[in-house]
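Scope of the values below: all heavy atoms of this structure, side chains included, with no hydrogens, waters or symmetry mates. What you are looking at is a predicted structure, and each value in this text was computed from that prediction instead of being measured. To find a chain, count down the sequence lines: A is the first, B the second, and so on, and within it residues start at 1.
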2 protein chains.
Amino acid sequence: MPNPTIYDVARTAGVGVGTVSRVLNNSTRVSPETQEKVLSAIRVLGFRRSKVARQLSTGIQHRNIGAIMPFITHPSFVERLRGMQLALNHQDNDFNLVLYNVSEPERYHEQLLAMVEQATVDGLLIATLNVSDDQRDLLTQAGIPFVTLSDACGEALNCISPDNRHGGYVAAQHLLELGHRRVAYVGDAFPNIYGFPTSELRYEGYLSALKEYGIPYHSEYVCLGAHGEDTAHRLTEHLLALPEPPTAIFAMSDIQAVGCILAIREAGLRVPEDISVIGFDDVQLSRYIGLTTVRQHLEQSGYLGMQLLLNMLTAPDNVVARQLPPLELVVRGSTQHWSALFR
Amino acid sequence: MPNPTIYDVARTAGVGVGTVSRVLNNSTRVSPETQEKVLSAIRVLGFRRSKVARQLSTGIQHRNIGAIMPFITHPSFVERLRGMQLALNHQDNDFNLVLYNVSEPERYHEQLLAMVEQATVDGLLIATLNVSDDQRDLLTQAGIPFVTLSDACGEALNCISPDNRHGGYVAAQHLLELGHRRVAYVGDAFPNIYGFPTSELRYEGYLSALKEYGIPYHSEYVCLGAHGEDTAHRLTEHLLALPEPPTAIFAMSDIQAVGCILAIREAGLRVPEDISVIGFDDVQLSRYIGLTTVRQHLEQSGYLGMQLLLNMLTAPDNVVARQLPPLELVVRGSTQHWSALFR
DNA sequence: CTGTTAGCGCGTTCAC
DNA sequence: GTGAACGCGCTAACAG
């Protein structure tokens, strides 16, 4: 018997289903003997009460908010998650926060499909993942409101995203203002396997800054690869081996910046004396290691995203857009003035 | 009408419930006209189909694994979470990971109660929280298997925990071996508000090391307070203001160690030249900032905990205990030899 | 104290 | 193509 029900339990215990239900909820008093009979029947059959049946019967609606993103292990995710939790705790509704980690890009769509087919979530927070038109329609038709925390959204109302192009510009500008002229970009390869254009946007910002300062573009200063510290490390080694290595690196994320810094140190050079490094995100780590970066208020974006979604879920006809604070340049110790004169 | 059902939709559309169900699942072909009638009825009534009823009807069992802990924002949580996710992804079952953050200790029990009463989770991972006998019985009676990731568990099978007393010993021993004689302990006040004795156990290890090395105990070297960087910062300021300040500090967590280091630097002293600092946990951050610490394999503990729980959930009569690897001393740059001779 | 029965909201057979 | 009836597993209200 694969899935015994209370009827099975009742039968083997020689009692009615009501009694079984009673011992399960120890509501009214049940005589010790029958209690024991029921309990042993439960044990023998390996009975486990069905959650859904129970919820249907009691009328208790359990609402799940799914947070789906790749790299659940990445620091930037943690920051966002923190914000989501905060927003959820703030208003005391009983929504559950369910985590979905997209381990392989191919499975993303499949996971989304399962969610709507099996009705697992009532609302969805989608971060660092693109939402295609088909997927948008799928969710909309299924009546699952969603908020994206990435920048593949155009001007949609349900999107919380920083101006990544501007952020890229700000980062590059900072280095250029410090006198750097050989400025490299280390970022994710695009098109990204998950379909979001973050790296490309920051890269465009970088390009426009170069242009504005009249710096010629050198393709060998642009190093693209998979996301992560290790790749950034390798790319930096490559940069340092160039005949004319860069004097400054703009890494598209703090984690990648860390990879750069480690590679630089291993090459016997110092940050920022020999090479300046600026990151992007301002995750918790960056404060501790003194990384200059562009703060994109990750925690707050999680907070606002959750707030918006809750708003859509609880007051669908009065949804108000949420605005992320502007990006901020945070200057710490990893960037420094550079002048050819002193070399 | 607060919660319209398919019956309501059917009535206002002038069709049967079967038809409504069909357009909802676009299974069999429905004539365009009736389709439109149903769709508009759905729109008018603001109908949303019930998740639970659907799941009950289709027989799709959705299993939730809850992870409950305080401080969801803390790095040590993230490490564990990563391990949990990994274990979940490893075996391809459709369990959902649901996060529960205990924001206030008073609410913990209430949350647990809600979980069993409302049948929200099928299994529970409890970290950094104590499980009282009552709570154990509550969960057991409700048939909710759980695994604890803290050390308030004795020798229970369903517990993944490092030997914190030993860990405290190892940390203190390291400092003593380096020649330190004025060794401070910075940790959480105990009894902890969440009921887990971690700080006390590490403190006991610290004590036994002192004793073994014949170092007299100085109560002013033991600084206890709330968990967190800021408190550790304050406690360290206090330590430094002592007539005979310590030459080494054992912080019960890496985050607290960071607080210590920051306070030491702000006092114009250097780590490790003037004062050595050792932490506990070995979170990701520690590697980057070069903190000497005791590695407690947090990620792996999350992994093993999840694995054990899945085991309990899927093969209840063949549960095998999981063993955490032993604690490891990880020596990095924040501790140094100390000898009064050179002062 | 305990057995019986009517729903909970939806999917899915059947006949029509 | 469409409507009516039954069942999913459980709770709760009602009789006994």
Side-chain angles (χ1 to χ4, degrees), chain A residues 1-39 41-42 45-63 116-120 122 142-144, chain B residues 1-39 41-42 45-64 116-120 122 141-144:
Chain A
M1 176 155 312
N3 278 321
T5 72
I6 49 170
Y7 284 94
D8 302 317
V9 175
R11 200 179 317 116
T12 70
V15 298
V17 286
T19 310
V20 178
S21 179
R22 261 164 239 138
V23 320
L24 247 28
N25 304 305
N26 40 305
S27 49
T28 340
R29 277 247 131 320
V30 182
S31 85
E33 312 132 31
T34 38
Q35 164 124 356
E36 198 38 59
K37 278 196 294 184
V38 172
L39 251 29
I42 288 179
L45 275 68
F47 166 82
R48 301 207 46 196
R49 122 179 109 170
S50 157
K51 190 176 57 187
V52 276
R54 173 145 220 242
Q55 285 175 168
L56 179 59
S57 183
T58 53
I60 297 178
Q61 284 293 352
H62 255 283
R63 328 221 80 170
V116 323
E117 299 217 337
Q118 301 175 15
T120 34
D122 300 279
I144 300 179
Chain B
M1 177 156 311
N3 279 321
T5 74
I6 50 170
Y7 283 95
D8 301 318
V9 175
R11 201 179 317 117
T12 70
V15 298
V17 287
T19 310
V20 178
S21 178
R22 261 163 239 141
V23 321
L24 246 27
N25 303 305
N26 40 304
S27 49
T28 341
R29 279 252 128 314
V30 183
S31 84
E33 311 133 30
T34 39
Q35 165 123 359
E36 196 39 59
K37 277 196 295 185
V38 171
L39 251 31
I42 289 179
L45 274 70
F47 167 81
R48 298 204 48 193
R49 125 177 106 170
S50 156
K51 191 175 59 188
V52 276
R54 173 143 218 245
Q55 288 175 166
L56 179 59
S57 182
T58 53
I60 297 176
Q61 282 294 353
H62 255 285
R63 327 221 81 169
N64 290 340
V116 324
E117 299 217 335
Q118 302 176 14
T120 33
D122 301 281
Q141 229 182 46
I144 300 180

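- The distance from atom NZ of K37(A) to atom P of dT2(C) is 8 Å, rounded to the nearest whole Å.
- In this structure, T58(A) contributes its side chain and R54(A) its backbone to a donor-acceptor pair below 3.5 Å.
- Rounded to whole Å, atom P of dG11(C) lies 14 Å from atom NZ of K51(B).
- Remark: R49(B) is not in phosphate contact with dC10(C), judged by side-chain N or O atoms under 4.0 Å from OP1 or OP2.
- V17(A) pairs by the side-chain contact (heavy atoms from CB on, under 4.5 Å) definition with I6(A), Y7(A), A10(A), not counting sequence neighbours.
- The side chain to side chain donor-acceptor pair (under 3.5 Å) test applied to D122(B) returns K51(A), not counting sequence neighbours.
- For N25(A) and dT11(D), the shortest distance from a side-chain N or O to OP1 or OP2 is below 4.0 Å.
- Using a 4.5 Å heavy-atom threshold, the side chains of T12(B) and F47(B) count as separate.
- Looking at heavy atoms from C-beta onward, V30(A) lies out of side-chain contact with K37(A) at the 4.5 angstrom threshold.
- Atom CG in N3(B) sits 11.0 Å away from atom CG in L45(B) (nearest 0.5 Å).
- In this entry the distance linking CD1 of I6(A) with C1' of dT2(C) reads 14 Å, nearest Å.
- A straight line from CD of Q55(A) to C1' of dC10(C) spans 15 Å, rounded to a whole angstrom.
- Rounded to an integer number of Å, the gap from CG of D8(B) to P of dG9(C) is 9 Å.
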Per-nucleotide protein contact string for nucleotides 2-8 of chain D, where B marks a base within reach and S marks sugar-phosphate only (heavy atoms under 4.0 Å, - for neither): BBB--BB
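- When rounded to the nearest whole Å, the span between CZ of R54(B) and C1' of dG9(D) equals 18 Å.
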